[in-house]
Trainee: 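Before I ask anything, here is the structure I am working with.
Every chain is numbered from 1, with letters handed out A, B, ... down the list of sequences.
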Amino acid sequence: MVFSTASFITQVAVLVLVLVLLHKPLGVYMARVFSGTKHSKPEKVLYRLAGVDAGTEQSWSVYLRSVLLFSLISILVIFALQRLQDVLPGSNSLPGVDPWVAMNTAISFVTNTNWQTYVPEATVGIFVQMCLLAVQNFLSAAVGIVVVVALIRGIVRTTTDRLGNFWVDLARASFRILLPIATVAAIALVIGGVVQNFWSTDVTNAATGAAQTIPGGPVASQEAIKVLGTNGGGYFNANSAHPFENPNVFTSLFQVFLILLIPSALPYMYGRMVGDQRQGYTVAAVMGALWLTSTCLMAWAVSSAQGTSTAAAGGLGEGFEQRLGPAASSIFAASTTLTSTGAVNVAHDSLPPLAGGVAMLNMMLGEVAPGGTGSGLYGMLVLAIIAVFIAGLMVGRTPEFLGKKITPREMKIAALYILVTPTLVLVLAAVSALLPEVMANAPASGPHQFSELLYAFTSGANNNGSAFGGITSSGPYLSTLLGLAMLLGRFLPIALVLALAGSLARQRKVPASSGTVPTHGPLFGSLLLAVTVILTALSYFPALALGPLAEGLIK
Amino acid sequence: MNTISGYLRQAGTAARFLLLATIVLGLLYPLAVFGAGQLVAPFQANGSIVKDSAGQPAASALIVQAAADSSGTQSPQWFHARPSAVNWDPASSSASNLGPNDPKLLDAVNSNRAAIAAEEGASPSDVPADALTASGSGLDPHISKAYADLQVQRVAQAHGLEATDVQTLVDQQTSSGLEAFLSQPSVNVTLLNLDVARLAANP
């Protein structure tokens, strides 16, 4: 297969054009959703039945407690019902899920990671897929969105400890933003060829004698929210490489569009909520520059067609779908790792070494370009606070961010935030590399074995969910260590972001002075870009050198 | 005491919220998409099942269907699909997940090249990359135009057909236009073999 540059440029151009057209209306709409005071009739019923006092706003600690309790209950319910799959309807005659796998999967879907340690076709029936996993695709994405909304409120509000009501925000993100878009997208996917039924079909080719059972299931409905919510948990093992999840190059491009849709509209919502659109555009520009650079880097690395087996085959092919082609797969691989999606339409494990390295680097950036639904923007805003602090040091002034002083407390929170994921990835990968039980599950040899391990923990701690699939993570060691990476990689940052929001909301606004560093415009944008790349990516350089760089550079 | 009861109350809210959200997002939403799909695109929604001349479901247009025996050897009578990590069985789906420098993959590529060149009576250098490598899903029904062209002679001979007639079928099944521009010119083996069977029955 030959990488088509013309196709690559066309697809990138279409994506940019459509996202530029849609970011504003969607951003305005989302800002309105979270600023409105009216509850719809069904929402009122929901609040009454669930016992939500919709009129009361919460402090940051209560907001956080709601996030954590909701996630904990979700994990417990999903774990228990997977274990009981065999006695529940819709099991497709599959047994109860193995406890390690059930634990890992429950954490994986609640944390918006969607790491799939299980083989769906052989592990989970329609009930688990539709009523447990796909539901978390909505709710975990909504949690990401509401956390960034709480942070923005913290930036905007003054001398208050109120950040909003988690349950109200969660309901609005789920039912007013995700559900309507997912419904339209799912129907579009069905028209494009994605399956949506509840039965399999036996087929027999009388001429060739081939007999097959063609699988079915509520695939399109799960597929739409899988990409829209930057989740990535596929209905089938092969994920978006499976013809029933991703029938052709058009659905592939449509899925990349859905992956990027909400994350690229959130900066506009942010600009609108803080009342200064230049802020939103600066963040969006940094995200866009990183996305474009990294996508081109991925295209270059894929088209290089490095690797001994690739050379022997005379071109790309292993792990690629003929009907999608390498250009579509490059764009997909870049976008899925620059967000917290982790859906794949090509086997990342078989990508040329440096392309696998770019995928890892994308996740290591902290998934902020444009990042997962909500998590990308809150990651970028924490980096902006660090950038403003560094700028403040340079000009010798107390740093301010949108009229709020960045005091030692805010800086400590921001510093902890950026330490969480590198610590998790590097420590857990290093510990695992010393465990023979773990290394036995990564059958590759040489630097690629380390790459598979590094990819797994990078993906887990950053809540991405894509994998170098050669690694088997269903055993007790890896499923526990990866479960830990996913849990801490999701909820420590969320706790820190909400603490930051609470701390900012308590302050009064300081008027901008001549010493205030503007947090918009090309100068600040460049600084933010530099901070993002230097702080996050360089933490991982030695680890990358041992894995994909070693693979790509030695012959 | 106050905090504990506060926690319990919120846990109750969380459980009830999850249950209600599941009814909407886990039942009503997929059922609504199912209903809409059956209404606007029943063919696609049910797996793009194509029927043979007798009206029996013969294959899915989207899923590879190889005429292979239990040992995984594809019948010389029909167009071959790409190698598959799941033996072309849609009960599962997977890539080989072998790294680009993996010696096992290198061996597989080299032995595939030798076997295909021998079977088609072609020079080893004429075998295209897609014929030697497994797809990401193991279920990709498509092969390159080059690989399809390579197989025309053998398939035509096996069915006693004119090579030009079989070549016409290949050309008809080759993707074109915008789709081919955005991906690459590809031939759907599942549909092509059905076309060959139809032509062989009514030459």
Side-chain angles (χ1 to χ4, degrees), chain A residues 1 7 46 50-52 69-70 73-74 121 130-131 135 138 186-187 190-191 193 195-197 201 203 205-208 210 212 214-216 218 220-221 236-238 241-243 247 249 307-310 312-315 317-319 321-325 346-347 349 352-353 444 448 469-470, chain B residues 10-11 13-18 20-22 25-26 29-30 33-34 36-37 41 44-49 52 57-60 62-63 65 67 78 90 92-95 97-101 105-106 109-110 129-130 132-137 139-140 142-143 179 181-184 186 193 197:
Chain A
M1 297 178 197
S7 158
L46 168 71
V52 172
L69 272 173
F70 183 63
I73 300 269
S74 298
E121 289 95 327
M130 187 171 85
C131 302
V135 170
F138 281 97
I187 295 169
V190 173
I191 293 169
V195 180
Q196 180 79 8
N197 66 5
T201 311
V203 295
N205 185 326
T208 66
Q212 293 173 301
I214 303 296
S221 54
F236 298 106
N237 189 43
H242 197 293
V249 71
T308 50
S309 63
T310 320
E318 192 68 28
E321 299 293 295
Q322 171 73 29
R323 69 184 186 285
L324 304 178
V346 55
D349 211 346
H448 196 70
Chain B
Q10 272 200 317
T13 299
R16 276 172 292 176
F17 194 104
L18 179 63
L20 295 164
T22 302
L25 305 171
Y29 159 68
V33 176
F34 170 71
Q44 293 96 311
N46 293 324
S48 306
I49 305 293
D52 57 20
S60 163
L62 296 178
I63 302 283
Q65 189 178 61
W78 303 97
S92 59
S93 59
S94 182
N97 286 315
L98 294 172
N101 293 322
L105 181 54
L106 186 62
V109 166
N110 286 334
D130 62 289
L132 308 169
T133 51
S135 65
S137 60
L139 303 177
D140 187 4
H142 291 89
I143 58 176
E179 181 169 22
F181 168 71
L182 290 180
S183 53
Q184 45 197 343
S186 307
N193 278 335

Trainee: Among D52(B), L106(B), D130(B), I63(B), which residue forms the greatest number of heavy-atom pairs with chain A at distances under 4.5 Å?
Mentor: I63(B)
Trainee: Could you have a look at T310(A), L324(A), V52(A) and say which one has the most heavy-atom pairs with chain B under 4.5 angstrom?
Mentor: L324(A)
Trainee: What residue, out of G325(A), A312(A), G314(A), has the most heavy-atom pairs lying under 4.5 Å from chain B?
Mentor: A312(A)
Trainee: The test is side chain to side chain contact (heavy atoms under 4.5 Å, CB included); show your working for T13(B) and F70(A) and say whether it passes.
Mentor: CA-CA 8 Å; T13(B) 299; F70(A) 183 63; over 6 Å; no
Trainee: Per the side-chain contact (heavy atoms from CB on, under 4.5 Å) rule, which among T133(B), L98(B), L105(B), N101(B) passes with S309(A)?
Mentor: L105(B)
Trainee: Just by modelled atom types, is the A59(B) backbone N or O under 3.5 Å from a matching donor or acceptor in the Q212(A) side chain?
Mentor: no
Trainee: Against chain A, label V33(B) side chain, backbone, both or neither, depending on which of its atoms sit under 4.5 Å from a heavy atom there.
Mentor: both
Trainee: At a heavy-atom separation under 4.5 Å, does A21(B) approach chain A through its side chain, its backbone, both, or neither?
Mentor: both
Trainee: Which one of G37(B), A15(B), S60(B) has the most heavy-atom pairs closer than 4.5 Å to chain A?
Mentor: S60(B)
Trainee: Out of P353(A), P218(A), A220(A), G216(A), which one racks up the most heavy-atom pairs below 4.5 Å with chain B?
Mentor: P353(A)
Trainee: Could you grab the distance from atom CE of M130(A) to atom OH of Y29(B), nearest 0.5 Å is fine?
Mentor: 11.5 Å
Trainee: Would you name the heavy atoms of G315(A) and A129(B) that are closest together and state the gap between them?
Mentor: O-CB, 3.9 Å
Trainee: Quick one: which of A210(A), S74(A), C131(A) has the most heavy-atom pairs under 4.5 Å with chain B, could you say?
Mentor: C131(A)
Trainee: Between the side chain of S7(A) and the main-chain N/O of L182(B), is any donor-acceptor distance below 3.5 Å?
Mentor: yes
Trainee: Check I73(A) against A11(B) and note the closest heavy-atom contact, atom names and distance.
Mentor: CD1-O, 3.9 Å
Trainee: With distance as the sole test, does Q44(B) use its side chain to make a donor-acceptor pair with the main-chain N or O of I191(A) at under 3.5 Å?
Mentor: yes
Trainee: Please report the closest heavy-atom contact between L25(B) and V135(A), naming both atoms and the distance.
Mentor: C-CG2, 4.0 Å
Trainee: Name the member of A95(B), A67(B), A134(B), S48(B) that forms the most heavy-atom pairs with chain A at distances under 4.5 Å.
Mentor: A134(B)
Trainee: CG of N193(B) to OG1 of T208(A): how many Å apart, nearest 0.5 Å?
Mentor: 7.0 Å
Trainee: Looking at V109(B), I143(B), N97(B), which has the largest count of heavy-atom pairs under 4.5 Å with chain A?
Mentor: N97(B)
Trainee: Could you measure the distance from the CH2 atom of W78(B) to the CG atom of N205(A)? Nearest 0.5 Å is fine.
Mentor: 6.5 Å
Trainee: What part of H448(A) gets closer than 4.5 Å to chain B, counting heavy atoms only: side chain, backbone, both or neither?
Mentor: side chain
Trainee: What I'd like to find out is whether the side chain of L139(B) reaches to under 4.5 Å of the side chain of F236(A), using heavy atoms alone.
Mentor: no
Trainee: Could you tell me which of A206(A), A347(A), P215(A) has the largest number of non-hydrogen atom pairs under 4.5 Å with chain B?
Mentor: P215(A)
Trainee: Between atom NE2 of H242(A) and atom OG of S92(B), what is the distance when rounded to the nearest 0.5 Å?
Mentor: 8.5 Å
Trainee: Tell me, for I49(B) versus chain A, whether the close heavy atoms (under 4.5 Å) come from the side chain, the backbone, both or neither.
Mentor: side chain
Trainee: How about S137(B) and E321(A): does a side-chain donor come under 3.5 Å of a side-chain acceptor?
Mentor: yes
Trainee: Under 3.5 Å, is there a donor-acceptor pair between the side chain of Q184(B) and the main chain of R323(A)?
Mentor: no
Trainee: So which of G319(A), G51(A), G307(A), A207(A) has the biggest tally of heavy-atom pairs under 4.5 Å with chain B?
Mentor: G319(A)
Trainee: Passes side chain to side chain donor-acceptor pair (under 3.5 Å), Q322(A) versus S135(B)? Steps please.
Mentor: CA-CA 7 Å; Q322(A) 171 73 29; S135(B) 65; over 6 Å; no
Trainee: Which heavy atom of S94(B) sits nearest to which heavy atom of N237(A), and what is that distance?
Mentor: CB-ND2, 3.7 Å
Trainee: Give a yes or no answer on whether the side chain of S93(B) reaches the backbone of A238(A) with a donor-acceptor pair at less than 3.5 Å.
Mentor: yes
Trainee: Please determine, among A36(B), S186(B), A197(B), A58(B), the option with the most heavy-atom pairs under 4.5 Å with chain A.
Mentor: A58(B)
Trainee: Test your reading of the model: is there a side-chain donor-acceptor pair from Q196(A) to the backbone of P30(B), 3.5 Å cut-off?
Mentor: yes
Trainee: Can you tell me which portion of N110(B) sits under 4.5 Å from chain A's heavy atoms? Options are side chain, backbone, both or neither.
Mentor: side chain
Trainee: For a side chain to side chain contact (heavy atoms under 4.5 Å, CB included) check, start with the C-alpha distance between L132(B) and E318(A), then their side-chain angles and the critical distance, and finish with the verdict.
Mentor: CA-CA 8 Å; L132(B) 308 169; E318(A) 192 68 28; over 6 Å; no
